[in-house]
Amino acid sequence: MATVLIIDDNDTLREGAVAVATRMGHRVYDADGGAPGLELLRAHGADVVLTDLKMDGLDGIAVLEAVKNYDPDIAVVIITAFGTIENAVEAIKKGAHDYVQKPFSPDNLRHRLNRALEWREDRRTRTRLEATQEVLSGARDFPRRHDPEGAFEGMIGSSPAMQKIFKMIEKVARGDTAVAVGGESGTGKELVATAIHRRSPRAEGPLIKVNCGAIPESLMESELFGHERGAFTGAVKRKLGRFELADGGTIFLDEIAELPLSMQVKLLRVLQEKVVDRVGGEQPVPIDVRIISATNRDLAAEVEAGRFREDLYYRLHVVPLRLPPLRERTEDIIPLARHFAKVLRARTLSDVEGFTAEAEQRLATHHFPGNVRELVNVVEQALVFADPPLIGVEDLPSAVGGEPGSSDNAPRRGSMTLPDFLEAIERREILDAYETSGGVKTETARKLGIKTSALYYKLEKYGVGTINSRD
């Protein structure tokens, strides 16, 4: 499911386009003008923007320029009338992906949207690979040991438990053995996978990360193994799967326990024969990848319950590596909190320089069931509400020992705009539900009364998975 934003001041045409995109299964937002359309873009994001060329106020060209400035990887499709094709061509020169001439049929619009989404996915893939290569280009100069403050490949931990993990990473990185990273949600499994890859002989190759729980089962085979043109409706060209994109490098299969049994069989064949079968393909494609998997579940118990194949378990679980929860390395809490306070200052527009001794004492004695992810959330909340120069006890959420009426209460609007105020409330509610659910996304979505796919979008929007030790 993609997010489609439709902008047109013609109500009939806009409503028809909304109906088509909705029937395709996409999340759809619509606006009757350029300015409200851009507000929706900032609030919800978009994979494809379908915008009329001629509108009062901000026209399609202005919308195009604003969208490309916001995110150059969003596919923009221009709606044009007869006699304005030349303008549409000019829009394409300025970055539009395609145009559709009105009046258009539902089939024509579906075709244009599918083509735009293919382009969007290709752009995302290239962006991921380029970002990976950019990181890897500096890998040779990256420090090969942790510094005195306990930093190691983006992770922080001077505790004996984390020092042991760092040594294990250095050892397992040398070979090509499958690694299974375990640990509670929020302990930093993705960072471990990245560290293993960067210190391995495959460091010059790609690192492709796959969240098995975020891909709909109906799309999983195509996403992992690719498809040929014409393999199914909407397959307008060949698409390489994640395994082929990882060829010569590493693939990180996060939330591996979410993999359906039908896909477990196919993954087992990939591991055994080192080939993938594209959907609709006739010949297997050889691949050379290292597998790192991760889960916050007990995979042995999943095998016992019949939800995970035993043969696949032993293929993936060659080298198990368990990350300790934050409560087992309490000496790392304050260094991590200080680090996050520095990292998050810019995002929260805060001039706070650190914590009072009392605030640090409260943090050091908190249980942190949400692990490092919870700590990140606590620090960010405190930065939002604290007055310089230091975060005090009164600025901490009450769940961490802050004073009643502090930052865990409803955000105070103050000088915030209404959209920012509402977003702050939404963010707090979602992250609170996520933490109290122990990082289990299906349970979080159930508590919030939203679809799991919507939760993934919101977690990505609010930064879960982007700052230090996230799963």
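By convention here, the first residue in the shown sequence is residue 1.
- Although no hydrogens or angles enter the test, the distance criterion places no donor-acceptor pair under 3.5 Å between the side chain of Arg373 and the main chain of Thr187.
- Rounding to the nearest 0.5 Å gives a distance of 9.5 Å between CG of Asp395 and CG of Leu390.
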- Would you sort out whether Glu217 and Ser262 count as a side-chain contact (heavy atoms from CB on, under 4.5 Å), showing the intermediate values? CA-CA 9 Å; Glu217 185 172 351; Ser262 60; 3.8 Å; yes

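- The side-chain heavy atoms of Met220 and Pro260, taken from C-beta on, include a pair separated by under 4.5 Å.
- Taking 4.5 Å as the limit, some side-chain heavy atom of Arg290 sits within range of a side-chain heavy atom of Asp176.
- Between the CD1 atom of Ile7 and the CG atom of Asp30 there is a distance of 9.5 Å, given to the nearest 0.5 Å.
- Closest non-hydrogen pair, Leu375 versus Ala337, comes out as CD2-N, 4.0 Å.
- Asp247 contributes a side-chain N or O that, together with a main-chain N or O of Asp288, makes up a donor-acceptor pair within less than 3.5 Å.
- A salt bridge is defined here as a Lys NZ or Arg NE, NH1 or NH2 lying under 4.0 Å from an Asp or Glu carboxylate O, and Lys239 with Glu223 meets this definition.
- One finds no salt bridge joining Arg297 and Glu255 here, because no Lys/Arg side-chain nitrogen approaches an Asp/Glu carboxylate oxygen to under 4.0 Å.
- Contact between Phe340 and Leu383 at its shortest, heavy atoms only, is O-CD1, 4.5 Å.
- In this structure, NE2 in His339 is found 4.0 Å from CD1 in Ile156, a value given to the nearest 0.5 Å.
- Side chain of Arg199 to main chain of Ala173: no donor-acceptor pair is present (N/O by atom type, distance under 3.5 Å, no hydrogens or angles).
- Residues passing the ring pair (Phe, Tyr, Trp, His ring centres under 6.0 Å) test with Phe243, sequence neighbours excluded: Phe225.
- Annotation: side chain of Leu13 is in contact with side chain of Lys102 (closest heavy-atom distance under 4.5 Å).
- Once rounded to the nearest 0.5 Å, the distance linking NZ of Lys189 with OG1 of Thr194 reads 13.0 Å.
- Under the 3.5 Å distance criterion, the side-chain polar atoms of His26 are matched with a main-chain donor or acceptor of Ala2.
- Distance CG/Asn114 to CE/Met24: 4.0 Å, rounded to 0.5 Å.
- Between Ala445 and Leu455, the shortest heavy-atom distance links the atoms N-CD2, 3.8 Å.
- Using modelled atom types, one side-chain atom of Lys68 and one backbone atom of Ile74 make a donor-acceptor pair closer than 3.5 Å.
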- Task: Quick one: do Val275 and Val270 satisfy side-chain contact (heavy atoms from CB on, under 4.5 Å)? Show the steps, please.
- Result: CA-CA 5 Å; Val275 297; Val270 171; over 6 Å; no

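- With Thr250 as reference, Arg202 is the one residue of Arg202, Arg198, Lys209 to meet the side-chain contact (heavy atoms from CB on, under 4.5 Å) rule.
- Residues Thr3 and Arg27 bring a donor and an acceptor atom of their side chains to less than 3.5 Å of each other.
- Of all heavy-atom pairs between Trp119 and Pro72, the closest is CH2-O, 3.8 Å.
- With Leu53 as reference, Ile78 is the one residue of Leu64, Ile79, Ile78 to meet the side-chain contact (heavy atoms from CB on, under 4.5 Å) rule.
- Side-chain atoms of Val48 and Leu5, non-hydrogen and from C-beta on, never get closer than 4.5 Å to each other.
- For the pair Leu326/Ile333, a side-chain contact is recorded, criterion being any heavy-atom separation below 4.5 Å from C-beta on.
- A salt bridge does not link Arg14 to Asp32: none of the charged nitrogens lies less than 4.0 Å from a carboxylate oxygen.
- Side-chain contact between Val210 and Asp254 is absent, with no heavy atoms from C-beta onward closer than 4.5 Å.
- In this structure, the side chain of Ser200 engages the main chain of His197 through a donor-acceptor pair within 3.5 Å.
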- Show your working on side-chain contact (heavy atoms from CB on, under 4.5 Å) between Tyr29 and Ile6 and close with a plain yes or no. CA-CA 6 Å; Tyr29 300 97; Ile6 299 172; over 6 Å; no

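- Met155 and Ala195 get closest at one heavy-atom pair: CE-CB, 3.9 Å.
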- Would you check, one step at a time, whether the test side chain to side chain donor-acceptor pair (under 3.5 Å) holds for Glu184 with Asn371? CA-CA 8 Å; Glu184 295 177 7; Asn371 294 299; 3.1 Å; yes

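- No side-chain heavy atom of Asn10 sits under 4.5 Å from any side-chain heavy atom of Asp52.
- Arg110 is listed as a side-chain neighbour of Pro106, based on a closest heavy-atom distance under 4.5 Å.
- Ion pair Glu118/Arg115 not flagged as a salt bridge, since none of the NZ, NE, NH1 or NH2 atoms sits closer than 4.0 Å to an Asp/Glu carboxylate oxygen.
- In terms of heavy-atom proximity, Gly33 sits nearest to Met55 at CA-SD, 4.4 Å.
- With Arg278 as the partner, the side chain to side chain donor-acceptor pair (under 3.5 Å) test is satisfied by one option alone out of Gln283, Glu244, Glu221, His227: Glu244.
- Expressed to the nearest 0.5 Å, how far CG of Asp47 lies from CZ of Arg120 amounts to 4.5 Å.
- A side-chain donor-acceptor contact under 3.5 Å links Arg345 to the backbone of Val352.
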- Item | Test log, rule side-chain contact (heavy atoms from CB on, under 4.5 Å), inputs Val63 and Asp59 | CA-CA 6 Å; Val63 169; Asp59 63 8; over 6 Å; no

